[in-house]
Trainee: 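Below are the structure tokens for one structure; questions will follow.
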Amino acid sequence: MILSDRSIREEIEKDRIRIEPLDPRCIQPSSVDLHLYSEFLVFRNSRRPFIDVRTPQDDLTELVRVPEGEAFILHPGEFVLGSTREIVEIPDDLVGRLDGKSSLGRCGLMIHSTAGYVDPGFRGRLTLELSNVANLPIALYPGMRIAQISFSRMTTPAERPYGDPAIGSKYQGQMGPRASELHREFCTGEGQGER
């Protein structure tokens, strides 16, 4: 069941859902609006002939910080990693769902390709997989409303929430956009043989 605005407020008041900073005006009927952070990871395609998911990708991206009041220009067909300004923490019996804002979708902006699911126990800034599918560049301004998160209650609390050492959570506590950590699964053998 998806939490209503009243239930979201109750969970925030009980300090079970944490969103910092939180503007109470951003609580919508069944979600909370989140804002764009000022850091982006831009892919530099001249550094490698292809992306090898078995190796670290730190040298494949470059961190770009956008000064307040200035825009980050996302060109057609371009893909960059961004994140939310807000730090979000979810209890072990709720799941978050991150979605784009309708008004931005109508401009051709996609905020995630697969990372819309937020596990119970997650804490940190949420990664945005930003893509421009329009024919014109899109100006993105740090601090603008970029996404919305909704919450669903699970049947029982997770036995091993995100961040539990037993499950090898790669992005717990992230404070900005981070390159893929998929290579770690190949080092431990976790990701081999999966479909």
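Values reported hereafter were calculated over all heavy atoms of this structure, with side chains retained and with hydrogens, waters and symmetry mates removed.
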Trainee: More than 12 non-hydrogen atoms from neighbouring residues, nucleotides or ligands closer than 6.0 Å to CZ on Arg44, yes or no?
Mentor: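 For Arg44, atom CZ is crowded (more than 12 foreign heavy atoms under 6.0 Å).
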Trainee: Indicate the atoms forming the closest heavy-atom contact of Pro142 with Glu70, along with that distance.
Mentor: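 Heavy atoms only, the tightest pair is CD-O, 3.4 Å.
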Trainee: Using every non-hydrogen atom in the two residues, find where Arg25 and Gln28 come nearest and quote the distance to one decimal.
Mentor: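 Distance-wise, the nearest heavy atoms are O-NE2, 3.7 Å.
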Trainee: Hey, quick one: are Leu140 and Val64 part of the same hydrophobic cluster, counting side-chain heavy atoms closer than 4.5 Å, chains of contacts allowed?
Mentor: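 Yes.
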Trainee: Looking at Leu136, is its backbone amide N or carbonyl O close enough to the side chain of Asn132 to form a donor-acceptor pair, meaning the two atoms are under 3.5 Å apart?
Mentor: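 At least one qualifying donor-acceptor pair exists.
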Trainee: Is there a chain of hydrophobic side chains (I, L, V, M, F, W, Y, each step under 4.5 Å between heavy atoms) that links Leu81 to Leu98?
Mentor: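 No; tracing contacts between hydrophobic side chains, which count when under 4.5 Å, never links both residues.
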Trainee: Mind running side-chain contact (heavy atoms from CB on, under 4.5 Å) on Ile111 and Leu130 for me, showing each step along the way?
Mentor: CA-CA 5 Å; Ile111 67 143; Leu130 300 167; 4.1 Å; yes
Trainee: To the nearest 0.5 Å, tell me how far Ser169 OG sits from Asp164 CG.
Mentor: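 The distance works out to 7.0 Å.
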Trainee: Of all heavy-atom pairs between Tyr171 and Phe122, which one has the smallest distance, and what is that distance?
Mentor: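 In this case the closest contact between Tyr171 and Phe122 is O-CE1, 3.8 Å.
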Trainee: Taking all atoms of both residues into account, what is the closest heavy-atom pair of Cys107 and Ala134, and its distance?
Mentor: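 For Cys107 versus Ala134, the nearest heavy atoms are O-CB, 3.3 Å.
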Trainee: Under a single-linkage definition using a 4.5 Å side-chain heavy-atom cutoff for Ile, Leu, Val, Met, Phe, Trp and Tyr, are Ile27 and Ile149 assigned to the same hydrophobic cluster?
Mentor: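 As far as the 4.5 Å side-chain criterion goes, Ile149 and Ile27 are connected within one cluster.
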Trainee: Cluster question for you: counting only ILVMFWY and a side-chain heavy-atom cut-off of under 4.5 Å, with indirect links fine, are Leu22 and Met144 together?
Mentor: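 Same cluster: Leu22 reaches Met144 through Ile, Leu, Val, Met, Phe, Trp or Tyr contacts under 4.5 Å.
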Trainee: So does Tyr141 have more than 12 non-hydrogen atoms from other groups sitting under 6.0 Å from OH?
Mentor: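 At most 12 heavy atoms, drawn from other residues, nucleotides or ligands, come within 6.0 Å of this atom.
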Trainee: Can you give the donor-acceptor pairs under 3.5 Å from side chains of residues 34-42 to other protein atoms, not counting sequence neighbours?
Mentor:
residue	atom	partner	partner atom	Å
His35	ND1	Arg85	NH2	3.3
His35	ND1	Glu86	OE2	2.5
Glu39	OE2	Arg65	NE	3.0

Trainee: Determine whether Leu128 and Thr84 satisfy the following criterion, side-chain contact (heavy atoms from CB on, under 4.5 Å), listing intermediate values before the conclusion.
Mentor: CA-CA 7 Å; Leu128 304 172; Thr84 61; 4.2 Å; yes
Trainee: Does the Arg145 side chain pair with the main chain of Cys26, one donor and one acceptor, at a distance under 3.5 Å?
Mentor: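 Between the backbone of Cys26 and the side chain of Arg145 there is no qualifying donor-acceptor contact (under 3.5 Å).
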Trainee: Give a yes-or-no answer on whether the side chains of Gln174 and Thr127 include a donor-acceptor pair shorter than 3.5 Å.
Mentor: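 Yes.
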Trainee: Would one find more than 12 heavy atoms of other residues, nucleotides or ligands at under 6.0 Å from atom CD1 of Ile2?
Mentor: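 No, because the 6.0 Å sphere around CD1 of Ile2 holds 12 heavy atoms or fewer from other groups.
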Trainee: Does the Glu89 side chain pair with the main chain of Arg18, one donor and one acceptor, at a distance under 3.5 Å?
Mentor: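 Between the backbone of Arg18 and the side chain of Glu89 there is no qualifying donor-acceptor contact (under 3.5 Å).
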Trainee: So which heavy atom on Ala139 is nearest to which on Ala71, and how close?
Mentor: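 In terms of heavy atoms, the two residues are closest at CB-CB, 4.0 Å.
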Trainee: What heavy-atom pair brings Pro161 and Gly121 nearest, and what distance separates the two atoms?
Mentor: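 In this case the closest contact between Pro161 and Gly121 is CB-CA, 4.0 Å.
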Trainee: Taking Glu78 for its side chain and Pro137 for its backbone only, find out whether a donor-acceptor pair lies under 3.5 Å.
Mentor: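 Here the side-chain-to-backbone pair does not exist.
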Trainee: From Leu3 CG over to Ser152 OG, what is the distance, rounded to the nearest 0.5 angstrom?
Mentor: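 Nearest 0.5 Å value for the CG-OG distance: 7.0 Å.
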Trainee: If you round to the nearest 0.5 Å, how far is CZ of Arg16 from CD1 of Ile90?
Mentor: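 Result: 11.0 Å between the selected atoms.
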Trainee: Where the side chain of Tyr117 meets the backbone of Val95, is there a donor-acceptor pair that is under 3.5 Å apart?
Mentor: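 A pair under 3.5 Å: no.
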Trainee: Quick one: side chain to side chain donor-acceptor pair (under 3.5 Å) pairs with a partner in residues 98-108, sequence neighbours left out?
Mentor: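 Of all non-adjacent pairs touching residues 98-108, those that pass side chain to side chain donor-acceptor pair (under 3.5 Å) are Asp33-Lys101, Ser102-Arg106.
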Trainee: Determine whether Pro91 and Ile17 make a side-chain contact, defined as any pair of heavy atoms from C-beta on separated by less than 4.5 Å.
Mentor: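 Contact flag for Pro91/Ile17 side chains = yes.
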Trainee: Please tell me whether Ile87 and Ile8 are part of a single hydrophobic cluster in this structure, the criterion being side-chain heavy atoms less than 4.5 Å apart.
Mentor: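 Result: no, two separate clusters.
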Trainee: Do Asp93 and Arg153 have side-chain heavy atoms sitting under 4.5 Å apart?
Mentor: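 Yes, close enough: below the 4.5 Å cut-off.
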